[in-house]
Undergrad: 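Take a look at this one; I'll ask things after.
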Amino acid sequence: MPNAIVCRQLYKQYPGKPPVDAVNGLDLSVGVGECFGLLGPNGAGKTTTIEILEGLLEASRGEVEVLGKKWGQADDEIRQEIGISLQETKLSEKLTVLETLTLFRSFYRQGVPPEDALGKVSLEEKLNARVGKLSGGQKQRLAVACALIGDPKLLFMDEPTTGLDPQSRRQLWDIIRSFKDSGRTVLLTTHYMDEAERLCDRVAVVDHGKVIAQGSPRDLIASLGGEHILDFSLMNSNGDASLPSSSLMDLPAVRSVREEDGIYSLAVTEPHIALPALLDRLRQTNRELSNLTTRHASLEDVFVTLTGRHLREGSPTA
């Protein structure tokens with residue numbers, strides 16, 4: 001598969017005392033026709049990375065190719081073939097929706113009619129409405145329409161559904177799927193794990209400016225060694241309820257154990273085998289359950305296992 005994006009040993013350093021390495025030797029390739037997700041906590045370097053790929057920031061060093069071209073050599077050609085939806089887009093609230101899209105269409109040598117772009121994001125009824133009168137979800141869809149107006153081959157979307165209601169989120173998911181189904185490429189960042197699992201063919205987990213894991217959501221989840229998670233906490237009435245995580249690793253069907261703020265998470269292959277063994281172990285050690293849930297493993301579990309931090313909060317674990 002040819003690549004729509006390739007970056008090798010990408011670095012971005014900001015001056016300071018000491019200097020800040022926002023991107024620190026990042027390697028990435030995105031194939032044509034993929035929906036590729038960049039995942040990471042706040043400050044991991046993913047927004048800096050995507051802004052370098054978009055041509056909005058200059059890398060300190062490293063190689064970047066977008067659609068087979070390099071920034072600094074073919075800037076206008078690249079800009080004519082990409083669409084960008086930023087984390088937050090400020091549009092003139094006095095212009096109408098049609099006027100806004102007509103303005104953005106004028107930036108491209110070729111593209112789609114404004115009415116067609118509105119149809120892609122289901123905003124036809126707001127054609128003559130002023131931008132300032134739109135709801136938050138409608139403004140976000142208009143920003144996506146502005147990114148689509150040039151009929152791009154590659155679409156960048158930086159946290160496109162943050163702050164949207166569930167219905168608006170799903171409408172944007174449909175837009176992304178439709179764009180990908182036309183054989184084009186999407187690179188998105190997101191804090192929502194269900195979004196990444198539903199939309200992305202592959203994802204890269206970024207932390208401290210580096211890719212620390214990469215693959216399909218299914219493969220990354222399988223790397224935990226268990227498709228199911230047992231979450232439980234213990235009664236603390238006697239003040240000595242803590243249980244060493246190492247004492248749970250020998251339980252049958254358990255592949256990994258993590259403890260955070262008194263909540264234990266066991267990655268297991270067969271819950272019906274692991275659960276009775278866990279209950280027996282707790283009885284043997286005179287400990288009582290306070291809470292117990294079972295669920296499927298997720299990309300959130302992958303990230304916490306790899307880095308000890310949560311994807312959304314970016315906070316260290318206990």
Side-chain angles (χ1 to χ4, degrees), residues 4-5 35 47-58 64 66-165 167-190:
I5 297 172
C35 181
T47 294
T48 301
T49 299
I50 201 171
E51 288 183 349
I52 292 172
L53 298 177
E54 293 165 342
L56 300 177
L57 280 179
E58 185 177 348
V64 176
V66 178
L67 299 173
K69 305 174 182 69
K70 293 185 178 181
W71 289 110
Q73 298 179 5
D75 293 15
D76 186 58
E77 289 87 345
I78 296 174
R79 291 191 178 104
Q80 291 294 323
E81 295 182 331
I82 66 174
I84 299 174
S85 178
L86 302 173
Q87 281 189 32
E88 186 175 1
T89 302
K90 293 292 187 181
L91 300 171
S92 175
E93 299 200 344
K94 298 300 183 182
L95 294 180
T96 67
V97 168
L98 177 59
E99 289 169 341
T100 299
L101 285 173
T102 301
L103 173 63
F104 274 77
R105 174 63 185 86
S106 70
F107 301 152
Y108 298 93
R109 290 190 289 269
Q110 61 184 21
V112 299
E115 294 82 0
D116 291 354
L118 283 178
K120 292 177 184 292
V121 299
S122 302
L123 273 181
E124 302 96 323
E125 76 282 359
K126 296 296 182 180
L127 185 71
N128 295 310
R130 297 196 183 278
V131 172
K133 298 296 184 181
L134 301 180
S135 68
Q138 290 168 341
K139 287 180 179 178
Q140 188 76 324
R141 281 186 281 154
L142 176 57
V144 173
C146 291
L148 296 174
I149 195 73
D151 198 22
K153 296 179 181 178
L154 169 61
L155 183 61
F156 292 97
M157 308 192 81
D158 196 0
E159 299 184 20
T161 62
T162 297
L164 296 185
D165 61 82
Q167 181 179 1
S168 295
R169 285 184 69 204
R170 292 184 179 276
Q171 287 173 327
L172 273 180
W173 288 1
D174 290 339
I175 294 167
I176 294 170
R177 290 191 184 104
S178 177
F179 185 85
K180 176 184 172 295
D181 289 345
S182 68
R184 306 187 185 202
T185 309
V186 182
L187 176 65
L188 66 86
T189 70
T190 181

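Hydrogens, waters and symmetry mates are skipped; everything else that's a heavy atom, side chains included, is used. Sequence positions, counted from 1, serve as the residue numbers for this chain.
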Undergrad: Can you name the closest pair of heavy atoms from Ile82 and Pro152 and give their distance?
TA: C-CB, 3.5 Å

Undergrad: Within this structure, what is the OG1-CG distance for the pair Thr190 and Asp158, rounded to the nearest 0.5 Å?
TA: 9.5 Å

Undergrad: Hey, what do you get for CE (Met157) to CD1 (Ile84), rounding to the nearest 0.5 Å?
TA: 11.5 Å

Undergrad: Among residues at least two apart in sequence or on other chains, which ones pass salt bridge (charged side-chain N to carboxylate O under 4.0 Å, His left out) with Glu93?
TA: Lys139

Undergrad: Is Val186 close to Phe156 at the side-chain level, that is, under 4.5 Å between some pair of heavy atoms?
TA: no

Undergrad: Decide, yes or no, whether a salt bridge links Asp151 with Arg184 under the criterion of side-chain N to carboxylate O below 4.0 Å.
TA: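 Here Asp151 pairs with Arg184 in a salt bridge, since their nearest N and O are under 4.0 Å apart.
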
Undergrad: Backbone N or O of Leu164 within a donor-acceptor pair of the Ser168 side chain at under 3.5 Å?
TA: no

Undergrad: Mind running side-chain contact (heavy atoms from CB on, under 4.5 Å) on Leu155 and Lys180 for me, showing each step along the way?
TA: CA-CA 9 Å; Leu155 183 61; Lys180 176 184 172 295; over 6 Å; no

Undergrad: Does Leu67 reach the side chain of Ile78, with side-chain heavy atoms less than 4.5 Å apart?
TA: no

Undergrad: Looking only at heavy atoms, which two atoms of Pro160 and Thr189 are closest? And how far apart?
TA: CD-O, 3.5 Å

Undergrad: Hey, are the side chains of Glu51 and Thr48 touching, using non-hydrogen atoms and a 4.5 Å cut-off?
TA: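 Side chain of Glu51 against side chain of Thr48, heavy atoms only: no contact under 4.5 Å found.
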
Undergrad: Within the 4.5 Å heavy-atom criterion, are Phe104 and Leu142 side-chain neighbours or not?
TA: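 Sidechains of Leu142 and Phe104: no contact.
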
Undergrad: Would you confirm whether Ser178, through its side chain, and Ile175, through its main-chain N or O, come within 3.5 Å as a donor-acceptor pair?
TA: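 Flag not set: sc Ser178 to bb Ile175 has no pair under 3.5 Å.
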
Undergrad: Report the residues that fulfil side-chain hydrogen bond (donor to acceptor under 3.5 Å, both in side chains) with Glu159, sequence neighbours left out, ordered by chain and then residue number.
TA: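 Per chain and number, Glu159 pairs via side-chain hydrogen bond (donor to acceptor under 3.5 Å, both in side chains) with Thr162.
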
Undergrad: Checking the side chain of Gln140 only, and the main-chain atoms of Gly137 only, is there a donor and an acceptor separated by less than 3.5 Å?
TA: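 Side chain of Gln140 to backbone of Gly137: no pair is present.
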
Undergrad: How close do Leu98 and Pro114 get, counting heavy atoms only, and between which atoms?
TA: CD1-CB, 3.8 Å

Undergrad: Can you confirm whether Leu86 sits close enough to Leu56 that some side-chain heavy atom of one is under 4.5 Å from a side-chain heavy atom of the other?
TA: yes

Undergrad: Could I get the full list of side-chain hydrogen bond (donor to acceptor under 3.5 Å, both in side chains) partners for Lys153, not counting sequence neighbours?
TA: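 side-chain hydrogen bond (donor to acceptor under 3.5 Å, both in side chains) list for Lys153, sorted by chain: Glu81.
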
Undergrad: Test Thr89 against Cys146 for side-chain contact (heavy atoms from CB on, under 4.5 Å), laying out the working first.
TA: CA-CA 10 Å; Thr89 302; Cys146 291; over 6 Å; no

Undergrad: So does Gln171 get a backbone contact from the side chain of Asp174, meaning a donor-acceptor N/O pair under 3.5 Å?
TA: no

Undergrad: Please check if the number of heavy atoms outside Glu77 that lie under 6.0 Å from its CD is greater than 12.
TA: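 Atom CD in Glu77 is crowded, with more than 12 foreign heavy atoms closer than 6.0 Å.
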
Undergrad: CZ of Arg141 to NZ of Lys120: how many Å apart, nearest 0.5 Å?
TA: 15.0 Å

Undergrad: Go through the structure and list residues passing side-chain hydrogen bond (donor to acceptor under 3.5 Å, both in side chains) with Arg79, not counting sequence neighbours.
TA: none

Undergrad: With a 4.5 Å heavy-atom cut-off, do Val66 and Glu54 have their side chains touching?
TA: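 Sidechains of Glu54 and Val66: no contact.
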
Undergrad: For residues 121-131, which side-chain N or O atoms pair as donor and acceptor with protein atoms under 3.5 Å away, sequence neighbours left out?
TA:
from   : atom 1 : to    : atom 2 : distance (Å)
Arg130 : NH1    : Lys94 : O      : 2.4

Undergrad: Taking atom CG of Leu57 and atom CD1 of Ile52, what is their separation to the nearest 0.5 Å?
TA: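 Leu57 atom CG to Ile52 atom CD1 measures 6.0 Å (nearest 0.5 Å).
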
Undergrad: Does any non-hydrogen side-chain atom of Val144 lie less than 4.5 Å from one of Phe179?
TA: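 No, side chains not in contact.
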
Undergrad: Any non-hydrogen side-chain atom of Leu188 less than 4.5 Å from a side-chain atom of Cys35?
TA: yes

Undergrad: Hey, is the main chain of Val64 close enough, under 3.5 Å, to the side chain of Trp71 for a donor-acceptor pair?
TA: no

Undergrad: Can you name the residues that form a side chain to side chain contact (heavy atoms under 4.5 Å, CB included) with Gln80, not counting sequence neighbours?
TA: Asp76, Tyr108, Arg109

Undergrad: Would you check if the side chain of Gln73 reaches a backbone N or O of Lys70 as a donor-acceptor pair within less than 3.5 Å?
TA: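 Side chain of Gln73 to backbone of Lys70: no pair is present.
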
